[in-house]
2 protein chains.
Amino acid sequence: MEHRIDRIKKQLHAQSYKLTPQREATVRVLLEREEDHLSAEDVYLLVKEKSPEIGLATVYRTLELLSELKIVDKINFGDGVSRYDLRKEGAAHFHHHLVCTECGSVEEIEEDLLEDVEKIVKNDWGFQVKDHRLTFHGICKQCQQETANTTT
Amino acid sequence: MEHRIDRIKKQLHAQSYKLTPQREATVRVLLEREEDHLSAEDVYLLVKEKSPEIGLATVYRTLELLSELKIVDKINFGDGVSRYDLRKEGAAHFHHHLVCTECGSVEEIEEDLLEDVEKIVKNDWGFQVKDHRLTFHGICKQCQQETANTTT
DNA sequence: TATAAAAAGATAATCATTATTTATAATTAA
DNA sequence: TTAATTATAAATAATGATTATCTTTTTATA
Ligand SMILES: [Mn+2]
Ligand SMILES: [Mn+2]
Ligand SMILES: [Zn+2]
Ligand SMILES: [Zn+2]
């Protein structure tokens, strides 16, 4: 945890931004809930638990800043709010998501899986890929099993 | 054009919805601007040119309905508005997009390209894929050339 | 034709996000 | 150190996309 915070601190300093107490509190929430996909409001409420004096606008500003620095990725699952997701340490690309249309669960895939596709995009379209967003919609393992059980 | 309209009419009827004049006008705009990625507001303004009496809420309702029937796909490029994209005829999955971070252009890829990835998702995660969203962010061919020209 | 249901129009309400304005904390120059 | 300068935060107003509501119109059905 402290190691990750230090790393992020350095990334901020490299662009001459400071890791203020409010920013640190926000980053800590993101680290603590790394496998979740929190909205700005979610982050705000969680930060408030430890730092009740923080303002919502500050959380928005911090998330915006962290997005610019590619420390977090902004993602949209189509439910009307943006969600913020810490980039995995040292990852060049954003990771992928499996969204279950039955139960709403979100699983993460850290493996790249797109090397071949990116080669095709490069060769056939002449497009130089910098990043990507890949989300699969479907039915998660658990929901499949539950359906199978109900049917039998 | 008329053929596509007929097809969509049947898809609506199959779910006991009607192709009202307002819905038809909306669908015609989507067909005429098939390679674009229009927001609800964009669609509204274009429909108004031919059918000035239509209301914005009706356009929203129609786009929502067409989304439910998988005639259009709702997509979000992170600029604060939802965009609506006609699904290619007979396509099982949504097509892919190349978004240029320099000029903002959006290219479409109709080829699937994800067969292998979906197999891995199925086998390794037990996730049954129903649909997907894949967007690459990067630099389009033209912008690359312009940069090259400027440099030389 | 009378009645019921579906859809549309008009517009108000909601709500996520952004902008603004004022206050506070950190840096820098004198 | 003290006085500017700058960066950041807090509070809150404004914006703008989307949704909800309420009334009217159109379409289907008895
Ligand atoms: Mn994630
Ligand atoms: Mn498209
Ligand atoms: Zn599930
Ligand atoms: Zn470009």
Side-chain angles (χ1 to χ4, degrees), chain A residues 8-9 11-30 37-69 71-85, chain B residues 8-9 11-30 37-69 71-85:
Chain A
I8 289 167
K9 191 173 186 173
Q11 286 178 265
L12 285 166
H13 285 168
Q15 310 281 331
S16 58
Y17 292 111
K18 292 170 253 186
L19 184 66
T20 64
Q22 292 88 344
R23 287 175 182 165
E24 181 170 337
T26 304
V27 168
R28 279 186 190 279
V29 162
L30 292 172
H37 299 87
L38 305 172
S39 67
E41 181 87 26
D42 294 337
V43 174
Y44 170 63
L45 293 173
L46 288 165
V47 173
K48 255 183 114 74
E49 289 178 7
K50 302 242 176 100
S51 313
E53 71 293 348
I54 202 166
L56 176 58
T58 301
V59 171
Y60 269 102
R61 273 187 299 248
T62 301
L63 292 171
E64 181 63 26
L65 177 62
L66 295 172
S67 288
E68 272 168 31
L69 301 186
I71 294 165
V72 307
D73 285 296
K74 199 172 173 176
I75 190 173
N76 194 301
F77 290 135
D79 60 349
V81 293
S82 293
R83 297 182 179 278
Y84 298 86
D85 207 0
Chain B
I8 289 167
K9 191 173 185 173
Q11 286 179 266
L12 285 167
H13 285 169
Q15 309 283 330
S16 59
Y17 291 111
K18 293 168 252 186
L19 184 65
T20 64
Q22 292 88 345
R23 286 174 183 166
E24 182 171 337
T26 304
V27 168
R28 280 187 190 278
V29 162
L30 292 172
H37 298 88
L38 304 172
S39 67
E41 180 88 27
D42 294 337
V43 174
Y44 170 64
L45 293 173
L46 288 165
V47 174
K48 255 183 114 74
E49 290 179 7
K50 301 242 175 103
S51 313
E53 71 291 348
I54 201 167
L56 177 58
T58 301
V59 170
Y60 269 103
R61 274 187 295 242
T62 301
L63 292 171
E64 181 63 27
L65 177 61
L66 295 172
S67 288
E68 272 169 31
L69 301 186
I71 293 165
V72 306
D73 284 297
K74 199 172 175 177
I75 190 174
N76 193 300
F77 290 135
D79 60 350
V81 294
S82 293
R83 297 181 177 279
Y84 298 86
D85 207 359

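So you know, we letter chains A, B, ... as the sequences are listed, proteins then strands, and number each from 1.
For the pair B/E64 CD and C/dA7 C1', the computed distance is 15 Å after rounding to whole Å. Residue A/Q22 contributes atom CD, which lies 9 Å from atom P of C/dA26 at whole-angstrom precision. Distance, B/Y60 OH to C/dT14 P: 18 Å, rounded to whole Å. The distance between atom OH of B/Y17 and atom C1' of C/dA8, rounded to the nearest whole Å, is 15 Å. Taking atom CD of residue A/E24 and atom C1' of nucleotide C/dA25, one finds them 16 Å apart after rounding to whole Å. Taking atom CZ of A/R61 as the reference point, atom C1' of C/dT18 lies 10 Å away to the nearest angstrom. Summarising the geometry, the separation between CZ on A/F77 and C1' on C/dA16 is reported as 18 Å, rounded to the nearest angstrom. Whole-Å rounding puts the A/L19 CG to C/dA26 P distance at 13 Å.
The side chain of B/T58 contributes no N or O atom lying less than 4.0 Å from OP1 or OP2 of C/dA7.
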Enumerate donor-acceptor pairs with a distance under 3.5 Å from any side-chain N or O in residues 72-79 of chain A to protein atoms, sequence neighbours excluded.
from	atom 1	to	atom 2	distance (Å)
A/D73	OD1	A/R87	NH2	3.0
A/D73	OD2	A/R87	NE	2.9
A/D73	OD2	A/R87	NH2	3.4
A/N76	OD1	A/G78	N	2.8
A/D79	OD2	A/R83	NE	3.3
A/D79	OD2	A/R83	NH2	2.9

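Summarising the geometry of A/G55 relative to A/Y44, their closest heavy-atom pair is C-CE1, 3.7 Å, with the distance given to 0.1 Å. Contact between A/H13 and A/L19 at its shortest, heavy atoms only, is NE2-N, 4.3 Å. For the residue pair B/L56 and B/A40, the shortest heavy atom distance occurs at CD1-O, 4.4 Å.
For the segment residues 42-53 of chain A, no residue has any heavy atom less than 4.0 angstrom from an atom of DNA chain C.
To the nearest 0.5 angstrom, A/L63 atom CG is 9.5 Å from A/S39 atom OG. The CD atom of A/Q15 sits 9.0 Å away from the CD atom of A/Q11 when rounded to the nearest 0.5 Å. Summarising the geometry, atom CG belonging to A/L46 is positioned 12.0 Å from atom NZ belonging to A/K48; distances are rounded to the nearest 0.5 Å.
Heavy-atom contacts from other residues, nucleotides or ligands closer than 6.0 Å to NZ of B/K9 number 12 or fewer.
A/R61 and A/T58 form a side-chain donor-acceptor contact under 3.5 Å, judged by distance and modelled atom types alone.
Here C/dA6 is the nucleotide among C/dT11, C/dA6, C/dA26 with the atom lying nearest to any side-chain atom of B/K18.
Between B/L56 and B/T20, the residue anchored closer to the 5' end of DNA chain C is B/T20, taking for each the nucleotide with the nearest heavy atom. Place B/P21 and B/S39 on DNA chain D by their nearest nucleotides, and B/S39 ends up nearer the 5' end.
Taking a heavy-atom distance under 4.0 Å as the criterion, the stretch of DNA chain D touched by chain A extends 5' to 3' from D/dA7 to D/dT12.
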